Amino acid sequence: VDENVIAEHGRKSNLSEKKKWENSVIDRSAKKSDTSFTTVHEPVYEGDDSRPTSVHHRLIENGTENEDFYREIDNPRE
């Protein structure tokens, strides 16, 4: 599958916040091949709503959270 490139905007344009985070994790893991990586994704709920209002994303390296990669990404309804 070819990479999706929007010609008028160039590479990696119009990316969601989660995709940007994922790309940064991929870049980091490629540079540190001797490191064990795990990602953790924790939905945040308000009240009885079954739909999360945001999600906490974390990167764990060799069992320790890398705080530079912590993101809380909103999950808007629209």
Side-chain angles (χ1 to χ4, degrees):
V1 175
D2 292 330
E3 181 179 1
N4 185 8
V5 177
I6 302 170
E8 66 271 20
H9 298 291
R11 295 178 159 311
K12 296 188 178 183
S13 64
N14 196 24
L15 294 177
S16 71
E17 287 304 308
K18 183 171 185 275
K19 186 64 178 172
K20 289 177 189 176
W21 182 84
E22 290 171 348
N23 286 344
S24 67
V25 168
I26 290 167
D27 290 345
R28 179 151 182 94
S29 66
K31 293 174 185 170
K32 298 185 74 171
S33 61
D34 61 335
T35 302
S36 171
F37 291 93
T38 303
T39 60
V40 177
H41 311 275
E42 178 185 4
V44 177
Y45 299 93
E46 288 185 11
D48 294 334
D49 195 349
S50 62
R51 186 175 186 282
T53 56
S54 64
V55 179
H56 294 173
H57 299 278
R58 294 180 169 84
L59 176 63
I60 311 300
E61 296 183 25
N62 289 332
T64 302
E65 182 176 349
N66 182 330
E67 294 181 12
D68 293 337
F69 280 81
Y70 170 80
R71 299 288 184 281
E72 180 175 359
I73 300 176
D74 289 335
N75 187 28
R77 287 201 176 275
E78 295 181 29

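Bear in mind the structure is a predicted one, so any value in this text is a computation, not a measurement.
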Any side-chain to backbone donor/acceptor pair from [X] onto [Y]? Under 3.5 Å, distance only.
| X | Y | value |
| --- | --- | --- |
| T53 | V44 | yes |
| N66 | E61 | no |
| D74 | P76 | no |
| R58 | E42 | no |

If I take atom CG from residue D34 and atom NZ from residue K31, how far apart are they, to the nearest 0.5 angstrom?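 Atom-to-atom, D34:CG and K31:NZ are 14.0 Å apart.
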Among E22, R71, E17, H41, find the one that has a side-chain hydrogen bond (donor to acceptor under 3.5 Å, both in side chains) with H57.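 Output: one option passes, namely H41.
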[X] to [Y] - nearest heavy-atom pair and separation:
| X | Y | value |
| --- | --- | --- |
| F69 | W21 | O-NE1, 2.6 Å |
| Y45 | S50 | CE2-O, 3.3 Å |
| R51 | N75 | NH1-O, 2.8 Å |
| I26 | S29 | O-OG, 2.9 Å |

Derivation of the side chain to side chain contact (heavy atoms under 4.5 Å, CB included) call for T35 and N62: CA-CA 6 Å; T35 302; N62 289 332; 3.6 Å; yes
